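See structure below.
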Amino acid sequence: MSKYIFVTGGVVSGLGKGIVAASLGRLLKSAGYSVYIEKFDPYMNIDPGTLNPTQHGEVFVTQDGAETDLDLGHYERFINENLTRSSSLTSGKLYQSVLNKERNGDYQGKTVQIIPHVTNEIKDHILATAKESGADILITEIGGTVGDIESQPYLEALRQFSLDVGRENCAFVHVCLLLYMSCSDEFKSKPVQHSVRELQRFGIFPDVVVTRSDKQPPEEIIKKISLFCSVDEHAVVPSTTVKCLYDAPAMLYRNGLYKAISKALSLKNKCDLTEWKKKVATLKIKTPKVRIGIVGKYVSLRDSYISLVEAIKHAGGANLTAVDLKWIDSETVTEANVANKLKDVDGIIIPGGFGERGVEGMIVACKYARMHALPYLGICLGMQVTVIEYARDVLGFKDATSGEFAHTEHTVIDIMPDKKGKKLGGTMRLGSYPCAVKDGTKIKEAYGSNLIEERHRHRYEFNNEYREALENGGLVISGTSPDGHIVETVEVKDHPFFVGVQFHPEFTSRPENANPIFAAFVKAALENVKH
Ligand code: GLN
């Protein structure tokens with residue numbers, strides 16, 4: 001039988017509740033339990049796929065092709081497991097399912113209501129995920145903060161759920177901001193008290209209160225929170241700011257999170273973080289240092305590149321090198337300034353993106369890397385840019401472009417035939433697909449295999465009409481779909497490292513296993529360090 005942990009948030013959003021949930025997963029895994037994590041997002045979008053990056057940050061893609069909240073990326077990286085679409089539930093999806101059932105007549109003429117129909121749907125989802133995953137412990141994070149109108153049905157469902165499966169099989173963890181006033185140098189526990197009271201109003205009495213603050217709070221504040229919130233003193237767990245994200249599990253362990261959770265759920269195993277800490281140590285190496293330029297269009301929105309940045313860090317760890325990032329807004333890159341902008345980097349990455357803005361600057365940077373033996377990795381849009389640049393400069397197709405931006409005589413990247421004329425939401429090529437890799441290529445060297453699998457999220461692809469011309473012109477098509485039809489990766493010869501991949505390798509990178517293509521790219525950049 002499964003045990004359940006529910007993670008709620010209070011006082012403000014953006015507290016790193018996802019990191020607490022992911023860290024909890026790591027602690028439990030390091031204690032030998034199998035763990036699964038899911039996130040409930042109370043907004044009405046079906047998924048974050050159509051949300052602007054300014055609104056939502058990165059869209060994380062699971063192997064089975066769900067477009068999900070970026071917290072799922074943290075979960076996968078911390079627990080080193082592949083999650084699925086059932087790990088992500090939004091109110092949009094929830095209500096869609098209830099309304100479909102209503103139209104189907106499944107409710108047999110009953111009045112459809114939040115309680116019990118929506119709450120039952122939530123409870124069924126939790127049970128189904130627990131069953132499907134077969135995990136010892138299922139962690140469920142509820143997005144937003146307690147007190148939001150949207151999250152009320154979820155809290156009611158959780159309260160009922162704990163009655164259904166037995167309160168002893170459930171632990172409620174409430175993560176909230178512990179206010180610190182720098183002027184008087186004191187912590188204020190009142191907002192925490194109010195937030196816990198709000199949760200208690202729903203009949204949920206948390207087993208653990210995680211207080212988020214930069215610094216460690218004094219003992220008397222912990223005592224006060226314990227007293228006023230009716231939680232054991234040992235179950236008030238400070239979560240303080242860590243330099244490296246992956247230090248969070250060890251910090252929370254030190255502050256008593258595992259002890260409090262094992263008490264709440266009567267867990268017997270000891271947690272041993274030795275292996276995890278060893279891996280994390282490689283991510284904190286200070287020298288040698290390699291500098292990677294990221295030439296992208298959302299560089300002012302770092303949240304859009306979370307998995308990318310983490311994958312680069314993991315690759316640094318795999319090469320025992322520190323990685324320094326230089327963010328370059330592709331909109332500002334021109335033929336005139338590119339040499340100057342790239343003079344202090346040892347390699348560049350052009351990441352994924354949507355829309356035309358900033359693409360010309362990416363093409364300029366790509367050409368510079370190709371001509372100057374600068375290690376280069378183009379990801380998704382970055383791979384499409386690689387093909388456009390090659391067609392323009394080497395083949396002389398000056399008007400080469402992608403169907404996403406214009407239609408010219410040389411639309412070398414075009415919409416996938418089966419995606420033509422479809423709606424925007426959920427119509428991309430999403431999730432894991434196999435890729436057959438040719439011998440004697442960088443991709444083969446990196447992965448050491450002729451068949452790899454990576455995750456995708458794109459609507460446009462290499463246009464096969466130009467395949468012969470590009471190959472004759474020297475572009476190496478190093479990876480395709482196993483039937484040879486879809487071009488997945490391109491490279492050029494006689495270059496230390498120049499690779500474009502249609503997939504998003506960053507989604508499968510973990511601190512415990514760096515993604516091979518990132519590791520190979522950082523290795524090439526390290527060999528290129530000029531000092
Ligand atoms: N906009 C491009 C496409 O839809 C690339 C997508 C991406 O980089 N994720 O194909």
Side-chain angles (χ1 to χ4, degrees), residues 47-54 56-63 65-68 70 72-73 294-299 301 303-309 311 330-331 348-363 365-366 376-389 391 400-407 411-433 435 454-464 466 479-481 485-490 499-509 515 517-518:
D47 61 42
T50 48
L51 276 170
N52 188 305
T54 51
H56 196 274
E58 170 182 283
V59 173
F60 186 77
V61 181
T62 55
Q63 80 178 335
E67 298 179 276
T68 69
L70 54 83
L72 265 78
I294 299 178
V295 187
K297 58 192 295 180
Y298 313 119
V299 293
L301 306 165
D303 263 9
S304 325
Y305 298 120
I306 290 184
S307 293
L308 178 77
V309 171
S330 62
E331 263 194 298
I348 61 166
I349 293 182
I350 300 197
F354 291 83
E356 193 173 10
R357 186 174 59 80
V359 167
E360 289 304 319
M362 294 178 192
I363 294 174
C366 171
Y376 171 92
L377 179 62
I379 297 173
C380 206
L381 176 66
M383 176 269 199
Q384 301 174 352
V385 159
T386 315
V387 176
I388 295 170
E389 189 281 314
T401 189
S402 161
E404 185 176 3
F405 318 133
H407 279 94
T411 309
V412 292
I413 301 293
D414 208 356
I415 191 120
M416 288 182 273
D418 59 323
K419 305 286 185 244
K420 265 189 192 144
K422 294 254 174 79
K423 287 184 213 138
L424 277 186
T427 56
M428 280 190 268
R429 181 165 177 251
L430 289 165
S432 229
Y433 285 93
C435 166
E454 289 287 5
R455 301 182 195 174
H456 296 68
R457 181 171 184 248
H458 63 117
R459 199 171 275 121
Y460 295 83
E461 65 175 359
F462 186 106
N463 183 349
N464 280 326
Y466 299 95
T480 62
S481 52
H485 196 69
I486 302 175
V487 173
E488 293 277 18
T489 69
V490 296
V499 177
V501 295
Q502 184 58 78
F503 44 75
H504 286 275
E506 66 270 32
F507 291 143
T508 54
S509 189
N515 179 282
I517 199 66
F518 275 98

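All of these numbers come straight from a predicted model, not from anything done at the bench. One-based numbering, in listed order, for ligands and for the atoms of each.
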- line: Checking heavy-atom distances from atom 6 (C) of ligand 1 to each of Gly382, Gly296, Gly353, the winner is Gly353
Glu488 (side chain) donor-acceptor with Gln502 (main chain) under 3.5 angstrom: no
message: Does ligand 1 come near enough to Met428 that some N or O of the ligand is less than 3.5 Å from an N or O of the residue?
response: no
- request: Provide, to 0.1 Å, the distance between atom 4 (O) of ligand 1 and the closest protein heavy atom, together with that atom's residue and name.
  value: Arg459 N, 3.0 Å
- request: Go through ligand 1 atom by atom and flag the ones less than 4.0 Å from a non-hydrogen atom of Gly352.
  value: 8 (O)
query: For Thr411, what residues pass the side-chain hydrogen bond (donor to acceptor under 3.5 Å, both in side chains) criterion, not counting sequence neighbours?
result: none
- prompt: Among all protein non-hydrogen atoms, which one is nearest to atom 1 (N) of ligand 1, and what is the separation to 0.1 Å?
  reply: Glu404 OE1, 2.7 Å
- request: Please state whether the rings of Tyr298 and Tyr305 are parallel, tilted or perpendicular, taking 30° and 60° as the class boundaries.
  value: tilted
message: Nearest 0.5 Å, please: how far is CG in Asn463 from CD1 in Ile413?
response: 8.0 Å
statement: Near Arg457 (heavy-atom distance under 4.0 Å), the atoms of ligand 1 are 6 (C), 7 (C), 9 (N)
message: Below 4.0 Å, non-hydrogen atoms only: which portion of Glu461 touches ligand 1? Side chain, backbone, both or neither.
response: neither
- request: Using distance alone, decide if ligand 1 has a nitrogen or oxygen within less than 3.5 Å of any nitrogen or oxygen in His458.
  value: no
query: Which ligand 1 atoms are under 4.0 Å away from a heavy-atom of Cys380?
result: 5 (C), 6 (C), 7 (C), 8 (O), 9 (N)
query: Should Leu381 be counted as touching ligand 1, given the test is an N or O pair under 3.5 Å?
result: yes
field: Gap separating the CD atom of Glu506 from the SG atom of Cys380, nearest 0.5 angstrom
entry: 8.5 Å
message: Keeping Thr68 on the side-chain end and Phe60 on the backbone end, is there a donor-acceptor pair under 3.5 Å?
response: yes
- request: Using atom types as modelled and distance alone, determine if a side-chain donor or acceptor of Thr508 lies under 3.5 Å from a backbone N or O of Pro505.
  value: yes
task: Write out the residue and atom name of the closest protein heavy atom to atom 10 (O) of ligand 1, then the distance separating them to 0.1 Å.
output: Tyr460 N, 2.8 Å
message: Any atom of ligand 1 sitting under 4.0 Å from a heavy atom of Gln384?
response: yes
- prompt: Does Tyr460 offer a backbone N or O that forms a donor-acceptor pair with the side chain of His458 under 3.5 Å?
  reply: yes
task: I would like to know whether Glu58 and Asp303 meet side-chain contact (heavy atoms from CB on, under 4.5 Å); could you show each step before the answer?
output: CA-CA 6 Å; Glu58 170 182 283; Asp303 263 9; over 6 Å; no
query: Is there a nitrogen or oxygen of Gln502 sitting under 3.5 Å from a nitrogen or oxygen of ligand 1?
result: no
